[in-house]
Amino acid sequence: MAEIFLHGVEVIEIDTGPRPIRTVRSSVIGIVGTAPEADPTAFPLNTPVLIAGSRAEAAKLDMSEAQTGEGTLPAALDGILDQIGAVVVVVRVEEGATEAETLANILGGVNALDGQYEGVHALLAAESVVGYSPRVLCAPGFTHQRAQNGIVNVTRTAGGSGYTNGVHRLTVTGGTGTGAQIDATVVGGVVTTVTIVNPGSGYTTDPTIAMPGSAGAGTGATFTVTRGTVGNAVVAELVGIAERLRAVIISDGPNTTDAAVIAYAGDFGSPRVYVVDPWVLVANSAGALVAEPASARVAGLIAKIDNDRGFWWSPSNQTINGIVGTARAVDFKMGDANSRANLLNEQDVATIIRQDGYRLWGNRTLSSDPKWAFLSVRRTADMLNDSLQRAHLWAVDRNITKTYLRDVEEGVNAYIRSLVAQGALIGGRCWADPDLNSAANIADGKVFFNFDFSAPYPAEHITFRSILTLDYLEELI
């Protein structure tokens, strides 16, 4: 502070000290689907719209006189609101003339004319449009299919030469299909590897694959493709979106056989995908039983558990409201390793059992890394990471001093202690990294903090050990 002459008293405000940290809202649901009878003003196409737990707002998804519930969104919102008055971000897409056109609208992308997000990608714009970032994603009616005639393999038959180094998105044309996204990596001007980002679907003939113009003036690279049954295109598209949003995807199984849903689960290895099979039976407005995808109700159940108990709780073994059965029988007996429910859980598929009501049964995601096998652990890490990141806007561009380092550490440690007291964490701590915070890094404006934590794990397997003993016979004497 510059020295100035002052005859009197002054007050200087010292703006140091730790800041309180708030946990981000964990229970916001993001849902994508169709509703051809919706009020177009209330629910414009490809635009995130916030429903704050109100059935009156949700009713505008079906403005037909007969209230027929056309499309996927009216029934899905009803299923969510059966569980809790959740905060829901709704993205309505146009229903196409064919299933393939509707699927293409669901997949969406970025509009080439105005740069606006469309389809599932509109969820990325939710926070800027409605002020909430969705944490639980679903698209009932569009996540259960295993796509036919997708691209299961791309072989580089010639690497060519003269291309610009880097990763380039190949052009895929012809074949009548849609959605395929393939990347080529160029090193030394030559295509070295090819990666399928999205296999697409509906390619009844082999599409043509070529290097894009952005890859430079190279020539000679050629590719061949193999078509076959591939994973669900919508789930594949949502995985990248979920990673950016720190969200999880509630996906529906095929609703056919155990073998089919096990094959479906094998298509993904992400800790952000949670599969539920079979579908559920509900009574429609005419009183008839109809099968509906379970994902919307499970998303609503997760929001309910977050609200009542906390994001660190597993949704498994919690009752689902508004259903009267499952589309196929799921036998369950406590302790029976060969029951259908246990066999599905063993393959990382959640299901629904009838045991004092209809209950969600299953803790595990499709993670290929056992560290992130439990849905509740993945979500706990997401909430902690995002809360800390968002709470430290104040810390950006401040001078790096000992006081600054201590303030950040104390703020994070106070927050971790609060989560431990609530039962959200077993323990954890934050500290400034003494090795990475070198003079060179600090002079470059970089500062590093480490934090570790232990999340609570669900008691998935409880064992009582039964021992027959003669010791208590002595009491008879």
Side-chain angles (χ1 to χ4, degrees), residues 32 34 93-113 118-121 139 141-163 167-186 190-241 251-257 259-261 263-269:
V32 183
T34 61
V93 306
E94 186 173 9
E95 191 169 80
T98 65
E99 289 186 10
E101 287 183 13
T102 303
L103 177 60
N105 293 338
I106 292 288
L107 291 171
V110 180
N111 189 294
L113 297 179
E118 297 179 338
V120 294
H121 293 268
F142 301 102
T143 60
H144 65 280
Q145 309 93 332
R146 294 191 77 211
Q148 304 297 314
N149 286 316
I151 297 176
V152 297
N153 187 52
V154 177
T155 303
R156 181 205 60 157
T157 51
S161 61
Y163 295 105
V167 179
H168 304 281
R169 180 62 51 85
L170 299 177
T171 60
V172 182
T173 56
T176 70
T178 183
Q181 296 177 339
I182 304 166
D183 286 348
T185 301
V186 176
V190 178
V191 175
T192 56
T193 58
V194 181
T195 304
I196 298 174
V197 178
N198 191 323
S201 62
Y203 292 96
T204 54
T205 60
D206 291 347
T208 300
I209 299 178
M211 293 293 289
S214 59
T219 58
T222 57
F223 312 90
T224 57
V225 302
T226 303
R227 294 175 289 116
T229 302
V230 296
N232 183 273
V234 175
V235 176
E237 199 75 13
L238 279 170
V239 168
I241 295 170
S251 173
D252 293 294
N255 191 42
T256 52
T257 65
V261 70
Y264 177 104
D267 291 331
F268 303 98

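What you see below is based on every heavy atom in this structure, not just the backbone, and it leaves out hydrogens, waters and symmetry mates.
- When the shell of 6.0 Å around CD of Glu94 is examined, it contains 12 or fewer heavy atoms from other residues, nucleotides or ligands.
- Between Ile151 and Pro207 the shortest heavy-atom distance is CD1-CG, 3.9 Å.
- Listed by chain and residue number, His121, Asn198 satisfy the side chain to side chain donor-acceptor pair (under 3.5 Å) test with Glu237 (two or more places apart in sequence, or in another chain).
- Here Glu118 pairs with Asn46, Asn111 under the side-chain contact (heavy atoms from CB on, under 4.5 Å) rule; sequence neighbours left out.
- Listed by chain and residue number, nothing satisfies the side chain to side chain donor-acceptor pair (under 3.5 Å) test with Glu99 (two or more places apart in sequence, or in another chain).
- No side-chain heavy atom of Leu238 sits less than 4.5 Å from a side-chain heavy atom of Ser251.
- Under a 3.5 Å cut-off, the side chain of Thr185 and the backbone N or O of Thr192 do not form any donor-acceptor pair.
- Exactly one residue among Asp183, Val154, Val152, Val230 makes a side-chain contact (heavy atoms from CB on, under 4.5 Å) with Ile196. That residue is Val154.
- To the nearest 0.5 angstrom, Leu170 atom CG is 11.0 Å from Gln181 atom CD.
- Closest approach of Arg146 and Ala260 over heavy atoms only: CD-O, 4.5 Å.
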For Asn232 and Asp267: C-alpha separation, side-chain torsions, deciding distance, then whether side chain to side chain contact (heavy atoms under 4.5 Å, CB included) applies.
CA-CA 8 Å; Asn232 183 273; Asp267 291 331; over 6 Å; no
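- Thr143 places no side-chain N or O within donor-acceptor distance of the main-chain N or O of Val235, the cut-off being under 3.5 Å.
- The backbone N or O of Glu95 lies less than 3.5 Å from no partner atom in the side chain of Asn105, so there is not a single donor-acceptor pair.
- Considering CZ of Arg156 and CD1 of Ile209, their distance stands at 14.0 Å, rounded to 0.5 Å.
- Atom OH of Tyr163 and atom CE of Met211 lie 5.5 Å apart (nearest 0.5 Å).
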Check: residues 214-227 side-chain donor-acceptor pairs under 3.5 Å, at least two apart:
| residue | atom | partner | partner atom | Å |
| --- | --- | --- | --- | --- |
| Thr222 | OG1 | Thr157 | OG1 | 2.5 |
| Thr222 | OG1 | Ala158 | N | 3.4 |
| Arg227 | NE | Asp206 | OD1 | 2.6 |
| Arg227 | NH1 | Asn149 | OD1 | 3.3 |
| Arg227 | NH1 | Tyr203 | O | 3.0 |
| Arg227 | NH1 | Thr204 | O | 3.3 |

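- For the side-chain contact (heavy atoms from CB on, under 4.5 Å) test, residues two or more places apart in sequence or in another chain that qualify with Leu103 are Leu107, Ser201, Val234.
- For the residue pair Ala180 and Pro199, the shortest heavy atom distance occurs at CB-O, 3.9 Å.
- Here Gln145 contributes atom CD and Asn255 contributes atom CG; the two are 11.0 Å apart, rounded to the nearest 0.5 Å.
- Looking at residues two or more places apart in sequence or on another chain, you find a side-chain contact (heavy atoms from CB on, under 4.5 Å) between Ala104 and Thr178.
- Across every non-hydrogen atom of His168 and Pro212, the tightest pair is CB-CG, 4.0 Å.
- One distance of note links CZ of Phe142 with OG1 of Thr102; it measures 6.0 Å at 0.5 Å rounding.
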